[in-house]
Protein chains: 2
Amino acid sequence: MSAKLALSTVIYRMTEKGDATVSQISPRPGRGRPRLLPGKIAANPRDQILAAAAELFVSRGYAGTTTREIADGAGLRQASIYYHFGSKEEILAALLERSVQARVEQAGKIEAGMDSVAPDAALYALAVSDMSALVAMPYNIGMLYRLPDVIASPVYDRYGHLRGELVAGYGRVAERAAAERVPAGGEPGLGDLLVQMVEGVISLRREDRIGSTTVATIASACLRLCGIAEDAIEQARETALTALAQT
Amino acid sequence: MSAKLALSTVIYRMTEKGDATVSQISPRPGRGRPRLLPGKIAANPRDQILAAAAELFVSRGYAGTTTREIADGAGLRQASIYYHFGSKEEILAALLERSVQARVEQAGKIEAGMDSVAPDAALYALAVSDMSALVAMPYNIGMLYRLPDVIASPVYDRYGHLRGELVAGYGRVAERAAAERVPAGGEPGLGDLLVQMVEGVISLRREDRIGSTTVATIASACLRLCGIAEDAIEQARETALTALAQT
DNA sequence: GTCTATAACTCGATAGAC
DNA sequence: GTCTATCGAGTTATAGAC
């Protein structure tokens, strides 16, 4: 449990620049015209805008969200957004990049370290860490990739292929875990089916239905989908969690 | 295969009024001002508008679609839409109603006739017929229920609970098929997991990836998720398809 | 029943003061 | 760095001609 949280917390961070200097964290007053609206001045207005936009895009869609609403959420005026971002699409691009890249990198790490653990444990670990990342993302921005107006947007093209890599990674790990137990080469591959299952947490989260057993239940279902027996699932779970704790 | 298609074709029909009179099907010329745009006059302009709207909503989102675009797709002028619908939201409501109601009714029928077939065959039949319905829906409108701006819309409230009934139905059928094989009472229930799997065809369809084996592959995965062994899955499949053919 | 024209409004983005 | 003010384009919906 703590391993899970630690992992996802490390992987996903809302603040992009790791080299935040003191002046950025606490900007001295008097730099620029003071904000009109109440509340404390943000440590990083760019991140405030991103957070507000993420929440709104996910709950009302990209096209359904206005820059004025984003500005309200971030505590500044509509026009002030354009000091930090060149356009509304640029805000979307920043969010898109963050939301997949973390998942793909994480999946790559687990796949790379697959030799040292049993294949079924590796799959369990992959599912758990990926779902933890999805759950830990601010405002459920994993959902952005499901929005048609986002997919239709030109900025999607720059990040869409990353999702394909994620599916392929799931496929490779699952194929090894399934061994010969399930018929291979079905039209939606194992990778597709598993990613579909795992991303169910996005809908559950939107409905406020993430409980303490949610991630474990779905991860077990993933192994079951590979034809792995119940006792083996339980064992893989133990192995995976201790492996994750060491990361 | 033919059973599958026949079923879904019957269940889902784009034309709502079964009592279409002759004058509606072939409106005599001179009724109203002639259309400006080329192409034949529609048998039913209301359905043309719905079809155009469905395609656009699904591909660009509800908020991202303008009434002008809908009108273009339907072959008339923007303002003419308002003779058939009172508002843009009314168009959405008409589409929402059609897209779930068919699935729920169909699921109810299969659940009702569950006594006469083996539980695992019933689940297979449910999955296959539901996916066939999703695939047969014009313009993939099953996706409407995934769009945040649709969910946020006030008209969604009128039809959202229907989807809950669908999940519950899946849960009951699956629980009987799974018997004691899988741990019961997980937080996302079996119904949630299965609906999540089944609705994967929506994404696959958007990516033009529905092949001849797609539905069968996913239906088998559903039984696998209930801990059913490979040979039993194959047998359930045969039973289900013949049962569906008789419907 | 469909058209043209337009009212009333909101959108994203820019210019320039502070 | 954030503000006010505003522009031009595009939005839904209505009014009335045909």
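Below, chain A is the first sequence line, B the second, and so on; all start at residue 1.
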Measure the distance from OH on B:Tyr83 to P on C:dT4 and round it to the nearest whole Å.
18 Å
Evaluation steps, salt bridge (Lys or Arg N to Asp or Glu O under 4.0 Å), between A:Arg172 and A:Glu111
CA-CA 8 Å; A:Arg172 286 188 296 269; A:Glu111 197 183 346; 2.5 Å; yes
Does the side chain of B:Gln106 come under 3.5 Å of the side chain of B:Ser129 through a donor N or O and an acceptor N or O?
yes
Roughly, in whole Å, what's the span from CG in A:Asp72 to P in D:dC3?
11 Å
Under 3.5 Å, is there a donor-acceptor pair between the A:Thr217 and B:Glu187 side chains?
no
From CD1 of A:Ile81 across to C1' of C:dT14 the rounded distance in Å is 14 Å
Output one letter per nucleotide in nucleotides 10-18 of chain D: B when a protein non-hydrogen atom lies under 4.0 Å from the base, S when only the sugar-phosphate is that close, - when neither is.
-BBBB--BB
What integer distance in Å separates B:Ile49:CD1 from C:dT2:C1'?
11 Å
Quick one: ring-ring contact (aromatic ring centres under 6.0 Å, His included) partners of A:Tyr170, sequence neighbours excluded?
none
Kindly indicate, with the supporting measurements, whether the criterion salt bridge (Lys or Arg N to Asp or Glu O under 4.0 Å) is fulfilled by A:Glu165 and A:Arg103.
CA-CA 10 Å; A:Glu165 289 181 24; A:Arg103 291 178 68 194; over 6 Å; no
So, using ring-ring contact (aromatic ring centres under 6.0 Å, His included) as the criterion, who are the partners of B:Tyr145 when residues are at least two apart?
B:Tyr156
Value in whole Å for how far the P atom of D:dT4 lies from CZ of A:Arg77
4 Å
In whole angstrom, what separates A:Leu56's CG from C:dG12's P?
11 Å
